[in-house]
Amino acid sequence: MSGAAELERQLARIREGSVDFVGEEELRARLKEALSGGRPLRVKLGMDPSAPDLHLGHTVALEKLRIFQELGHTPIFLVGDFTARIGDPTGKKKTRPALSEAEVRRNAETYVQQVSRVLDVQAAELRFNSEWLDALSAADFVRLCSKHTLARMIERDDFARRLQEGAAIAIHELLYPLVQAYDSVALEADVELGGTDQLFNLLVGREIQRSYGQRPQAAITVPLLVGADGREKMSKSAGNGIGISDAPEEIYGRAMSISDELMLQWIRLLSFGRWQDLLPRAAEVEAGGGDPFALKQEMARRLVLRCHGEAGAEAAAAHFRRVVRRGEPPEELPEVEIALAGATAAGLLDVMRRALGLASNAEARRLVQQGAVRLDGDPVRDPALRLPPGRYLLRAGKRRYARVRIA
RNA sequence: GGAGAGGUACCGAAGCGGUCAAACGGGGCGGACUGUAAAUCCGCUGGCUCAGCCUUCGGAGGUUCGAAUCCUCCCCUCUCCA
């Protein structure tokens, strides 16, 4: 393949599925250099370990990073262990509480592990931004701050909105984009990836790089995945996410419960790179034909596949058929031991709370009163029921099961 | 530094001396329906040894037979002025 053709092929793959692509022409020039024996592009994707789990929304940008990796460039996965302690104010309506160093460290460890499910971490450059940010002196930091202005900073729509609504903005939140931008300087990034909500931060990166005498990075954004509730963007705190490290059955089940409309959207957003074959089927469903149920199962299977591999995907599909469709207890169901400690029988509510992991006896009581509880297949309606020693199969609602042994 | 407004349950938001475990909406959970879809409908949603009791309305005191509601101090947020 000629150099020019390869250049166009790469640009097309980079462009595919992205929303914004700022600095495309500059990148073209650098890509050309890279392809004629120069340094491969340095492509930065940063994530703050502000929650213990990455979710499917994160995989969109990770897939994009993986594509750069395929094209022979240098993917840099940046763990924002320093920035997590500031807290990215993007899309936030209020200041978020600061995380302790210990929490951040804990989260950071699992991040690397989770990312490795999607990206070949061995072949990537894995960095932590505390590496250079901890070393920054106060003087350095003030110099960094002098490169940008307040007016520019509060142009950001979430800051502007909070300002208008009278919500608090702490000064350190204004600093966040600068610090993220400095990461690009430290890494000499040619490209930075992020969700569409990151556009502002990525653009600040360009300016700050210029101020430090570097060529500005290209800013490429990918769409944000709407959460399982179909309303807001997927996030841990909104409780509408599906975690990369969630159990296979969990990922599968939650994926199956989204609306058809949302399914179509997810398939489109997650398709670039690996799922193109689903697009015709999605189009068919959208037109009112096809088989939405089958398509959703396939999507759910692939989501699990992405996070847990083939075995996990098969197990999750089997679990779904058995527990959800046929209403049978799961194959693998560990037995919970309840010790009587001298009593002759155990209270039902207490047993439920312990075996099903409920928050309180009151919650168990509600389930019983609402007719959601079955004991060995028979409905139970008496919250005061006491269970003599023995083995029981407990079921609450459609999907929660526990095997209990009272002794 | 000065003046004003405000902090209520997972979130948003009413309540402003008893009838408040606290309206309403969202979320969550259970049920009906189904493709475990979604949408819709019905119910539940602080805790406990549960027809009773205990702990909640930024924090600490106080007034009162009785406080989320009144008073004092403190902490936090916003607006305007400087």
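Lettering of chains follows the sequences in order, A, B, ..., and the numbering in each one begins at 1.
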TODO: For each nucleotide in nucleotides 45-51 of chain B, reading 5' to 3', give B when a protein heavy atom comes within less than 4.0 Å of its base, S when such contact involves only the sugar-phosphate, and - otherwise.
DONE: S-SSSB-
Using Watson-Crick or G-U wobble geometry with both distances under 3.5 Å, which nucleotide pairs with [N]?
N	value
C33(B)	none
G66(B)	none
A38(B)	none
C73(B)	G59(B)
U19(B)	none
C24(B)	G12(B)
A51(B)	none
G1(B)	C81(B)

Task: Nucleotide nearest Gln370(A) when distance is taken to its side chain, options G43(B), C33(B), C29(B) - done: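 Of the candidates, G43(B) comes closest.
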- [ ] Measure from the side-chain heavy atoms of Ala168(A) and tell me the nearest of U36(B), C78(B), A38(B).
- [x]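 For Ala168(A), the side-chain atoms sit closest to C78(B).
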Under 3.5 Å, is there a donor-acceptor pair between the [X] and [Y] side chains?
X	Y	answer
Gln180(A)	Asp183(A)	no
Thr110(A)	Gln114(A)	yes
Glu109(A)	Gln113(A)	no
Gln217(A)	Ser184(A)	yes

- [ ] Under the salt bridge (Lys or Arg N to Asp or Glu O under 4.0 Å) rule, what do Arg42(A) and Glu125(A) come out as? Steps first, then yes or no, please.
- [x] CA-CA 9 Å; Arg42(A) 295 176 58 73; Glu125(A) 193 172 311; 3.0 Å; yes
Task: Of Ser259(A) and Ala396(A), the one whose closest RNA chain B nucleotide lies more 5' - done: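 Nearest nucleotide further toward 5': that of Ala396(A).
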Task: 5'-most by nearest nucleotide on RNA chain B - Gly397(A) or Val324(A) - done: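 That would be Gly397(A).
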Open item on the list: Before we go on, tell me: are the rings of Tyr182(A) and Phe141(A) under 6.0 Å apart, centre to centre?
Closed with: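 They do not qualify: ring centres at least 6.0 Å apart.
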TODO: Examine distances only and state if a side-chain atom of Trp266(A) and a backbone atom of Glu261(A) form a donor-acceptor pair shorter than 3.5 Å.
DONE: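 No, Trp266(A) side chain to Glu261(A) backbone: no donor-acceptor pair under 3.5 Å.
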TODO: For the pair Tyr392(A) (side chain) and Leu387(A) (backbone), establish whether a donor and an acceptor sit closer than 3.5 Å, ignoring hydrogens and angles.
DONE: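 Checking the backbone N and O of Leu387(A) against the side chain of Tyr392(A), no donor-acceptor pair under 3.5 Å is found.
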Task: Stacked cation flag Arg162(A) on Phe159(A), 6.0 angstrom / 45 deg - done: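 The answer is no; the distance or angle limit is not met.
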Can you tell me how far [atom1] in [N] sits from the matching atom in [M], rounded to whole Å?
N	M	atom1	value
C48(B)	U55(B)	P	15 Å
C10(B)	G46(B)	P	10 Å
A13(B)	G7(B)	C1'	13 Å
G18(B)	U69(B)	C1'	11 Å
A68(B)	U56(B)	C1'	10 Å
A60(B)	G15(B)	C1'	24 Å
U64(B)	C54(B)	P	23 Å
U45(B)	G26(B)	C1'	13 Å

Protein-nucleotide distance ([X], atom [atom1]; [N], atom [atom2]), rounded to Å:
X	N	atom1	atom2	result
Leu356(A)	C29(B)	CG	C1'	13 Å
Phe293(A)	A38(B)	CZ	C1'	13 Å
Glu173(A)	C78(B)	CD	C1'	15 Å
Leu358(A)	G30(B)	CG	P	10 Å
Met263(A)	A39(B)	CE	P	15 Å
Asp229(A)	G27(B)	CG	P	8 Å
Ile169(A)	C78(B)	CD1	P	9 Å
Gln297(A)	U36(B)	CD	C1'	11 Å

Open item on the list: Heavy atoms only, 4.0 Å cut-off, all strands: where does Pro292(A) land among base, sugar-phosphate and nothing?
Closed with: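 Answer is base: heavy atoms of Pro292(A) come under 4.0 Å of a base.
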Task: Worked verdict on Arg105(A) versus Asp81(A) for salt bridge (Lys or Arg N to Asp or Glu O under 4.0 Å) - done: CA-CA 7 Å; Arg105(A) 200 172 322 112; Asp81(A) 60 338; over 6 Å; no
Open item on the list: Quick check on U36(B): is either OP1 or OP2 less than 4.0 Å from any side-chain nitrogen or oxygen of Arg325(A)?
Closed with: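 True: Arg325(A) side-chain N/O within range (under 4.0 Å) of U36(B) OP1/OP2.
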Task: N/O (side chain, Arg400(A)) to phosphate O (OP1/OP2, G30(B)) under 4.0 Å - done: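 For G30(B), OP1 or OP2 has a side-chain N or O of Arg400(A) closer than 4.0 Å.
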- [ ] Check whether the side chain of Asp260(A) and the base of G35(B) form a donor-acceptor pair under 3.5 Å.
- [x]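 It does, because a donor-acceptor pair links the side chain of Asp260(A) to the base of G35(B) below 3.5 Å.
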